Chemist: 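Let me give you the structure first, and then I'll get to my questions.
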2 protein chains.
Amino acid sequence: MTSTQKASPRDRLLDAAARLSYRDGVSIGIEALCREAGVSKRSMYQLFESKDDMLAASLERRMPAYQARLTHPDPASATPRERILYVFGQLEKGSVEPEYHGCPYLAVLVEVKDPEHPASVVAREAKETLLSAFREEAERGGARDPELLARQLLLVFDGASARAGARVEHLDDALATTTVTALLDAAGVR
Amino acid sequence: MTSTQKASPRDRLLDAAARLSYRDGVSIGIEALCREAGVSKRSMYQLFESKDDMLAASLERRMPAYQARLTHPDPASATPRERILYVFGQLEKGSVEPEYHGCPYLAVLVEVKDPEHPASVVAREAKETLLSAFREEAERGGARDPELLARQLLLVFDGASARAGARVEHLDDALATTTVTALLDAAGVR
DNA sequence: CATGGTGTACACCGATCGGTGTCCTCCGAG
DNA sequence: CTCGGAGGACACCGATCGGTGTACACCATG
């Protein structure tokens with residue numbers, strides 16, 4: 001029965017917040033959010049302290065799925081190089097969908113100028129996690145400078161996300177993986 | 001006398017729009033813009049059709065200076081590789097300033113979701129210009145695939161801009177130029 | 001001096017912002 | 001059955017949004 005009972009107001013709010021703020025930006029109104037979620041404004045303010053609070057919660061909630069999407073399905077049998085390239089392959093795959101508007105965490109970091117904003121804090125967390133993952137793979141892959149390579153990869157990742165999300169670039173010809181391959185070669189990752 | 005007379009309301013508005021929308025985002029209010037510019041709201045609506053219009057105009061106005069900043073001071077005596085690296089050197093130089101918040105054109109593309117928005121159109125123009133410049137240098141430099149290299153460079157450029165602007169990364173150790181060097185080498189640019 | 005353009009000051013418009021107060025219904029636990 | 005909490009409906013708050021209407025001051029040109 002758990003699978004058929006409808007989602008809680010909290011979950012509906014978090015889903016709506018994720019969807020609408022991703023599509024329209026963080027400046028989306030709470031009125032529209034609540035309407036989309038089918039939840040009264042009153043209920044949302046009993047579940048969350050503020051709009052900023054709910055936005056941060058919705059970003060945090062999406063993190064596991066976001067990371068899972070970028071993680072190689074069979075990590076044990078894959079090389080570090082493969083696991084790194086898988087991330088960018090997934091990025092390229094996702095970017096062709098019409099719903100794609102770039103990495104939501106980067107978008108928040110760009111849109112929300114205040115670094116103290118709860119959503120900014122969560123977004124930085126997400127980026128830090130990805131950086132760590134890259135660094136770990138870089139180390140395992142025998143990169144000459146794992147930290148440098150990880151930062152380079154994130155440069156490409158965020159550049160590709162932003163440009164593909166803004167429809168200024170499309171990654172359909174493996175632009176990201178091609179670029180990353182060159183960086184991996186230069187870093188000595190086998 | 002031309003040098004000492006104070007700027008026109010139009011110029012003051014465009015300057016204020018560029019400054020405030022860069023610092024606080026495009027959602028800055030026109031009230032604040034006019035206050036900052038020392039121009040009445042009425043005057044601004046006689047000079048521009050709408051807020052969007054003025055925002056686009058302010059972005060367009062900054063384009064020459066923006067491009068000049070990224071252009072090698074002595075193009076004739078520099079190699080294509082040097083001219084490309086100069087762009088990223090300037091990016092790194094600018095990114096350390098406390099006022100830096102990333103490439104304003106990329107920020108607009110991320111913040112303004114509507115691609116038909118006049119500001120989006122201007123921002124895409126700016127990015128297209130930079131892409132062309134990179135492509136031209138790539139061709140002159142003998143890159144194996146000039147178009148590919150140019151797109152790769154823009155990936156790094158925008159990634160570095162966004163991350164440095166959001167203070168998630170700092171380019172003070174030549175991260176961008178190092179990355180670009182690897183890509184230039186891989187592309188066969190001498 | 002008269003005229004017209006440029007600009008300011010300021011009130012105002014309806015809409016929306018984030019957030020709250022109030023009262024209602026529904027439903028499960030006691 | 002009663003009670004209390006969860007949630008909805010809806011009016012309301014002051015502030016701000018983009019934009020306009022109106023009246024007045026300044027100043028260069030005629």
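Below, chain A is the first sequence line, B the second, and so on; all start at residue 1. Model, not experiment: these values are computed from the prediction.
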Chemist: Under a 3.5 Å cutoff, is there a donor and acceptor pairing between the side chains of A/Arg135 and A/Ser132?
Modeler: yes
Chemist: Nearest to the B/Tyr45 side chain among C/dG18, D/dG18, C/dG7, which nucleotide is it?
Modeler: D/dG18
Chemist: Measure CD/B/Glu31 against P/D/dG18 and give the value in whole Å, please.
Modeler: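 The distance from CD of B/Glu31 to P of D/dG18 comes to 8 Å, rounded to the nearest Å.
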Chemist: For the pair made of CD in A/Glu49 and P in C/dG18, what is the distance, rounded to whole Å?
Modeler: 16 Å
Chemist: Students often get this wrong, so: under 4.0 angstrom with heavy atoms, is A/Ser50 touching a base, only sugar-phosphate, or nothing?
Modeler: sugar-phosphate
Chemist: Nearest whole angstrom, please: distance from the P of D/dT16 to the CD1 of B/Ile28.
Modeler: 12 Å
Chemist: B/Lys51 side chain: which of C/dT8, D/dG7, D/dG18 is closest?
Modeler: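 Among the listed nucleotides, the one closest to the side chain of B/Lys51 is D/dG18.
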Chemist: In whole Å, what is the span from the NZ atom of B/Lys41 to the C1' atom of D/dT16?
Modeler: 10 Å
Chemist: Would you mind reading off the distance between A/Leu13 atom CG and C/dG18 atom P, rounded to a whole angstrom?
Modeler: 14 Å
Chemist: Mind calculating the distance between CZ (B/Arg42) and P (D/dA23) to the nearest angstrom?
Modeler: 13 Å
Chemist: Could you label the plane-to-plane angle of the B/His101 and B/Tyr22 rings as parallel, tilted or perpendicular, counting under 30° as parallel and over 60° as perpendicular?
Modeler: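 Ring orientation of B/His101 relative to B/Tyr22: perpendicular.
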Chemist: Find which nucleotide of DNA chain C each of A/Val26 and B/Ser43 is nearest to by heavy atoms, and output the residue with the more 5' nucleotide.
Modeler: B/Ser43
Chemist: B/Gln46 CD to D/dG21 C1': how many Å, rounded?
Modeler: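 It works out to 12 Å between those atoms.
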Chemist: Among the nucleotides C/dT8, C/dG18, D/dG8, which one has an atom lying closest to any side-chain atom of A/Ser40?
Modeler: D/dG8
Chemist: Using whole Å, report how far CE of A/Met44 lies from C1' of C/dC17.
Modeler: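 Rounded to the whole Å, the gap is 13 Å.
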Chemist: Could you check, using the six-membered ring where one of them is a Trp, whether A/Phe157 and A/Tyr105 have ring centers closer than 6.0 angstrom?
Modeler: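 No, ring centres 6.0 Å or more apart.
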Chemist: Checking side-chain contact (heavy atoms from CB on, under 4.5 Å) against B/Met54, which of B/Leu47, B/Leu59, B/Leu14 comes through?
Modeler: B/Leu14
